[in-house]
Amino acid sequence: MQVYTVARITGYLRDILESDALLADIWISGEISNMSESSAGHLYFTLKDKTSQMRCVLFNRKKLKIDIENGLAVVAHGSISIYEVSGAVQLYVDMIQPTGLGVLNMEFERLKAKLEEEGLFEPSRKRPLPAFPEKIGIVTSPGGAVLHDITNIISRRYPVVELVLAPTTVQGESAVPGIINALNALNDRGDIDLIIIARGGGSIEDLWAFNDEKVARAIYSSKTPVISGVGHDTDFTIADFVADKRAPTPSAAAELAVPHRGEIETRLQSYIATMTASLSNSIERNCQHVDELYATVSNQVNNGISVNTEKLRGQQIKLDSLSPLATLERGYALVQSHANGEVISNISQVERGNMITVQVSDGQFNSRVTGAKKGLQAWMKDFPSNKH
Amino acid sequence: MDEGLSFEQALKRLETITEALQKGGMNLEEMLALFEEGAALAKTCHERLNKAELKLSEVQTMFEKDEESEESA
């Protein structure tokens, strides 16, 4: 027969208690009594019901979100172990909630407070979403209306992207490992710009996988920015808090993910309008300059004023550089109808077989039209914004 | 347009061209060349937006089809 010391046995009990999964993460309801506070801010009390009681200790009073007093009915969360100095089995409390809340609500509040304290919801770590994503990963159920809605919305708004579905169950026991696996599969590809994690509406139990700590940590560690769109707009999940962007619904997530085609078209139209106006202005300014020079020269000649020959010469050089002749020198040509001398400026003026005269810098030659087609300029004129 | 340009790059280039034309300070030939490039970019962006069809692919996960039966949307 072996004789043990007290310390061996309390140590043995401690090992057993602390290796038990249920006792390591447990909610216990009861009434508070014998409450006392140490100078260090530790709170000691007993949780009791009609037949039993249990010692409890809460090491940091500041963590407590509610005021407690003797006689108050509460639900406490923590882990159970033995305090070897006194031999007492006690609950090491990390959270207290008033009774009356559902257990899922309590778990939600507990995890939310914990992750918030750890910094998982920090606004400073939310990453900006890409303005023009090329590949968007979707973590959702492959058969549901959610995927259908997201596909429709993105196809309508901005069909330039590729959607990459990472299928998973989104409720039930396999949802948590499934969602984590799907997130990892998308991150492992390395070519995804944005991830949408989505699920349609349901009860708090249905949405529970999105309140799981492991799912929250997987979203937090995703290399790719994540938009969450879970349930209806009144549902807030832990996944929403940790995601880079929360969308109230799966459809809203799709809208946040891509720009709108109409906005881009408006931008294109404004670019075209600005480019066209800039070019026209520049051409007009050149023409005006030529006119002014002609006016100066002819005034000087007509009025018989004695002109500074050198100055005039300078202006002539300037004039030459802007005259049509100089343009011809640069390789442009003037095209006229052979029949009536009309200047050809658009393709509707010619037909296959017509004779034309082409003026170049030092002469002209005749040519026959063998074909004509509309160019980019014609397309520009037809662009919606340019129609007047 | 260079097919190697992403939609975002094409739009960015178009913006740069528009700003350069607006600023001016170059000769007519340079302006015309930029204008032609800009017009071609605008045309391609417009066509891409209107002709593109959404691509949908799938990445392999641990999901199995028979899991789906218990799902509600």
Side-chain angles (χ1 to χ4, degrees), chain A residues 130-132 134 137 141-146 148 151 154-155 158-172 174 177-178 181-182 184-186 188-189 192 200 202 206 261 264-265 267-272 274-279 281-283 285-286 330 376-377 379-380 383, chain B residues 1 5-73:
Chain A
F132 300 94
E134 289 176 42
S141 155
V146 166
H148 188 248
T151 310
I154 293 185
S155 171
Y158 188 68
V160 187
V161 292
E162 178 179 344
L163 300 187
V164 182
L165 173 68
T168 173
T169 45
V170 289
Q171 77 182 65
S174 52
N181 173 259
N184 290 341
L186 288 171
D188 287 348
R189 279 175 58 123
I192 304 289
D206 291 340
R261 188 204 309 243
I264 300 172
E265 291 281 14
R267 250 173 95 176
L268 289 177
Q269 286 168 5
S270 120
Y271 287 147
I272 288 172
T274 309
M275 288 195 301
T276 311
S278 303
L279 193 65
N281 282 344
S282 174
I283 290 168
R285 273 199 305 276
N286 277 322
R330 294 210 308 270
L376 199 53
Q377 297 84 346
W379 179 83
M380 295 283 299
F383 201 82
Chain B
M1 180 171 71
L5 286 187
S6 70
F7 193 87
E8 184 173 17
Q9 287 168 329
L11 213 55
K12 189 83 202 151
R13 173 74 186 142
L14 183 54
E15 189 180 355
T16 310
I17 288 173
T18 304
E19 280 166 6
L21 283 173
Q22 211 171 6
K23 203 172 154 208
M26 63 190 98
N27 67 38
L28 210 51
E29 266 176 316
E30 287 169 326
M31 286 190 88
L32 272 171
L34 275 183
F35 182 82
E36 294 245 328
E37 187 188 346
L41 280 170
K43 182 173 190 249
T44 322
C45 284
H46 174 76
E47 282 173 357
R48 271 213 226 177
L49 272 182
N50 289 283
K51 287 182 189 161
E53 276 195 28
L54 189 69
K55 280 185 279 215
L56 186 62
S57 63
E58 195 168 317
V59 69
Q60 179 76 40
T61 62
M62 59 190 247
F63 181 82
E64 287 166 29
K65 283 278 182 254
D66 53 306
E67 287 182 274
E68 183 60 10
S69 51
E70 60 185 288
E71 296 287 314
S72 63

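For the numbers below, each heavy atom of this structure counts, side chains included, while hydrogens, waters and symmetry mates do not. Order of the sequence lines fixes the chain letters, A, B, ..., with proteins taken first and strands second; residue numbering starts at 1 for each chain.
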Open item on the list: If I take atom CE from residue A:Met275 and atom OG1 from residue B:Thr18, how far apart are they, to the nearest 0.5 angstrom?
Closed with: 5.0 Å

Task: Max heavy-atom pair count under 4.5 Å with chain B, selected residue of A:Ala277, A:Gly202, A:Pro177 - done: A:Pro177

Open item on the list: Out of A:Thr274, A:Thr151, A:Leu279, A:Asp188, return the one with the most heavy atom pairs under 4.5 angstrom to chain B.
Closed with: A:Leu279

Open item on the list: Can you tell me which portion of B:Glu53 sits under 4.5 Å from chain A's heavy atoms? Options are side chain, backbone, both or neither.
Closed with: backbone

Open item on the list: Please classify the contact between B:Glu15 and chain A as side chain, backbone, both or neither, with a heavy-atom cut-off of under 4.5 Å.
Closed with: both

- [ ] Might you work through the side chain to side chain contact (heavy atoms under 4.5 Å, CB included) test for B:Ser57 and A:Leu163, ending with a clear yes or no?
- [x] CA-CA 6 Å; B:Ser57 63; A:Leu163 300 187; over 6 Å; no

Open item on the list: Would you say A:Ser174 and A:Thr169 are linked by a side-chain donor-acceptor pair, where the criterion is simply a distance under 3.5 Å?
Closed with: yes

Open item on the list: Ring-plane angle category for A:Tyr158 and B:Phe7, please: parallel below 30°, perpendicular beyond 60°, tilted otherwise.
Closed with: perpendicular

Open item on the list: Among A:Arg261, A:Gln269, A:Glu265, exactly one meets side chain to side chain donor-acceptor pair (under 3.5 Å) together with B:His46. Which residue is that?
Closed with: A:Glu265

Task: Option that, when pairs with chain A are counted at under 4.5 Å, heavy atom only, ranks first among B:Leu49, B:Leu14, B:Leu21 - done: B:Leu49

